[in-house]
Participant: 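Take a look at the following structure, please.
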Protein chains: 2
Amino acid sequence: MKRPAGSRGEYAKTAQRRQDILRTAVEVFTERGYEASSFREIAARVGMSETGVAFHFGGKAALLAAVLEIRGEQDAARWGGGGVIAPDRLTELVAHNAGQPGMVQLFTKLAAEGTSKNSRAHPFFTDRYDKIRRGTADHVRASQRDGRTRADLDPDLVAQVLIAVMDGLQVQWLYDESLDMAAAMDLLLSTWLPPHTPGPVTA
Amino acid sequence: MKRPAGSRGEYAKTAQRRQDILRTAVEVFTERGYEASSFREIAARVGMSETGVAFHFGGKAALLAAVLEIRGEQDAARWGGGGVIAPDRLTELVAHNAGQPGMVQLFTKLAAEGTSKNSRAHPFFTDRYDKIRRGTADHVRASQRDGRTRADLDPDLVAQVLIAVMDGLQVQWLYDESLDMAAAMDLLLSTWLPPHTPGPVTA
DNA sequence: GTCTATACCGCGATAGAC
DNA sequence: GTCTATCGCGGTATAGAC
């Protein structure tokens, strides 16, 4: 509670530093994955010491958290509803992700590392999967009420499968970028949703 | 080509050592994941020095390769055909995996880490996905010729999706073991294969 | 041929100087 | 606010004991 910002340029400079570090961290994490990334390299690229970087974020794990948030915000901005995506737009999502392999790989690696309960990424992904699973199931239920989706399918299981396909296709694609994720996703959607309804969504 | 074994107990002892190390490595990797596992701990559990372990396998990465092979052999023994599994038996596979979360997590983590081209696991998984994708597609094609599977589906895309679901469900399950992977897998299979045909397979 | 002891460098975290 | 110094721990290359 000392100096609410604005009186001098110091805070702005700090914010700029944070932005620089964050951008660089995304870069390095993307290239090397979380575990293999070093504070040293990030610091070197930003042009400051390791402890300098640590000062701004408090540690490697905290830097990770910040990166995850960034991506979350970007996604939430692109598609509405807190990262939850309507099944109709999953193909669109897949196509978009195919344009940024680095970020896809980062998330794939972090999601795997986060399966350890003592991992820093664990709470984030636990919460994330919980949310998007619930949100996707809601979408499916709504779609079933409208008659756009087969009514005999368990919405919760459909949500699990859709998210699983999403994640799983990305892994395979990271190993072989010639694979057509969108086509595979479309195949699945076309059997559960009507042949094609990317139609005019309200949002 | 010196001493084809049998004349003295030295070779047998070495083989035993390798087995001990391998078993312990699987244990530790399973508990901690690859990156977080330490050569030191593995060596300590086996009861020898770190360099002693390194002597037998040449390094942490090489130990990893050996662990991957072990698992591959176990799977190939349980289900025939070089790790390729008939779609009819995927639910069975899922149920089996649900009994060994440690190994599932290890593979999930390694598959993610392996997406980096410079990773030691990269060649293994590149080859593995290639093989099982081809093998699964063949199964689907055969199933289509028999009329047991819808003929209008692209076998290659179906293979991609089936494998993706397999992998993706495991990730979600690692975050929430209350999820029913088998039910989700069944839901998908039941829409593409006939309502249910776990029937009498020859093998 | 099998293993131990030693040493080296890189990592992340922390305390304290400027 | 930023950096220097230092710590313990990680993997591994080498030499030499048995």
Side-chain angles (χ1 to χ4, degrees), chain A residues 1-22 24-25 28-29 31-67 110 113 116 118-121, chain B residues 1-22 24-25 28-29 31-67 109-110 113 118-121:
Chain A
M1 304 298 191
K2 11 182 114 160
R3 222 158 359 129
S7 56
R8 201 61 51 80
E10 297 167 37
Y11 282 173
K13 194 178 167 190
T14 299
Q16 183 57 41
R17 270 279 195 238
R18 285 181 60 96
Q19 282 305 105
D20 290 347
I21 295 170
L22 220 42
T24 307
V28 176
F29 283 165
E31 289 175 21
R32 308 211 190 292
Y34 175 65
E35 297 283 4
S37 295
S38 73
F39 237 59
R40 278 185 168 77
E41 179 167 4
I42 294 172
R45 288 206 200 178
V46 186
M48 54 192 300
S49 73
E50 309 154 44
T51 28
V53 175
F55 166 79
H56 287 287
F57 286 93
K60 197 184 177 186
L63 226 187
L64 159 65
V67 170
L110 292 178
E113 288 171 9
S116 294
N118 60 335
S119 163
R120 289 318 180 106
Chain B
M1 304 293 192
K2 15 182 109 162
R3 219 143 25 112
S7 57
R8 201 59 51 81
E10 297 166 36
Y11 282 172
K13 195 179 165 192
T14 299
Q16 183 56 42
R17 267 284 194 235
R18 284 182 60 97
Q19 281 306 103
D20 289 348
I21 295 171
L22 221 41
T24 308
V28 176
F29 283 165
E31 289 175 20
R32 308 211 187 291
Y34 175 65
E35 297 283 3
S37 296
S38 73
F39 235 60
R40 278 183 168 81
E41 180 167 5
I42 294 172
R45 287 206 199 179
V46 186
M48 55 193 297
S49 73
E50 307 154 46
T51 26
V53 175
F55 166 77
H56 287 288
F57 287 93
K60 197 183 177 186
L63 225 189
L64 157 66
V67 170
K109 288 186 176 184
L110 292 179
E113 288 173 9
N118 59 337
S119 161
R120 289 314 181 108

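Just so we're clear, the structure is a prediction, and the values are computed from it rather than from any experiment. Residue numbering restarts at 1 for every chain, and letters A, B, ... go by the order of the sequence lines.
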Participant: Please tell me if the side chains of A/Lys60 and A/Leu64 come closer than 4.5 Å, counting only heavy atoms from C-beta onward.
Facilitator: no
Participant: Nearest heavy-atom pair of A/Ala66 and A/Phe57: which atoms, and what distance?
Facilitator: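 A/Ala66 and A/Phe57 have their closest heavy atoms at CB-CE2, 3.8 Å.
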Participant: Output the rounded distance in Å from CG (A/Asp20) to P (D/dG1).
Facilitator: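 It is 16 Å, rounded to the nearest whole Å.
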Participant: Should B/Val67 and B/Leu110 count as side-chain neighbours, where that means a heavy-atom distance under 4.5 Å?
Facilitator: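 The answer is no; the side chains never approach within 4.5 Å.
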Participant: Let's go through B/Thr14 and B/His56 carefully: what are the C-alpha distance in whole Å and the side-chain angles of both, what is the deciding distance for side-chain contact (heavy atoms from CB on, under 4.5 Å) to 0.1 Å, and is it a yes or a no?
Facilitator: CA-CA 8 Å; B/Thr14 299; B/His56 287 288; 3.9 Å; yes
Participant: For A/Glu50 and D/dA5, what is the distance between atoms CD and P respectively, to the nearest whole Å?
Facilitator: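 One finds 13 Å between P of D/dA5 and CD of A/Glu50, rounded.
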Participant: Identify the heavy atoms of A/Arg120 and A/Ala61 that sit nearest to each other, and give their distance.
Facilitator: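 Heavy-atom minimum between the residues: CG-CB, 3.0 Å.
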Participant: Tell me which residues in residues 36-48 of chain A put a heavy atom below 4.0 Å from DNA chain C, sorted by number, or none.
Facilitator: A/Ser37, A/Ser38, A/Phe39, A/Arg40
Participant: List in numerical order all residues of residues 54-61 of chain A for which some heavy atom is under 4.0 Å away from an atom belonging to DNA chain C.
Facilitator: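 DNA chain C contact set from residues 54-61 of chain A: A/Gly59, A/Lys60.
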Participant: Mark yes or no for a side-chain to base donor-acceptor pair under 3.5 Å between B/Thr51 and D/dT14, with no hydrogen or angle criteria applied.
Facilitator: no
Participant: In whole Å, what is the span from the CZ atom of B/Arg17 to the C1' atom of C/dT4?
Facilitator: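 Nearest whole value for this atom pair: 12 Å.
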Participant: Of all heavy-atom pairs between A/Ser37 and A/Phe29, which one has the smallest distance, and what is that distance?
Facilitator: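 Taking A/Ser37 first and A/Phe29 second, the nearest heavy atoms are OG-CD2, 3.2 Å.
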Participant: Compare every heavy atom of A/Ile42 with every heavy atom of A/Thr24, then report the nearest pair and how far apart it is.
Facilitator: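 That would be CG2-O, 3.9 Å.
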Participant: Tell me whether B/Ser38 contacts the main-chain N or O of B/Glu41 through its side chain, where contact means a donor paired with an acceptor under 3.5 Å.
Facilitator: yes
Participant: Output the rounded distance in Å from CZ (B/Phe29) to C1' (D/dG10).
Facilitator: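 That distance rounds to 13 Å.
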Participant: In this structure, how many angstroms lie between the P atom of C/dG12 and the CG atom of A/Leu63, rounded?
Facilitator: 11 Å
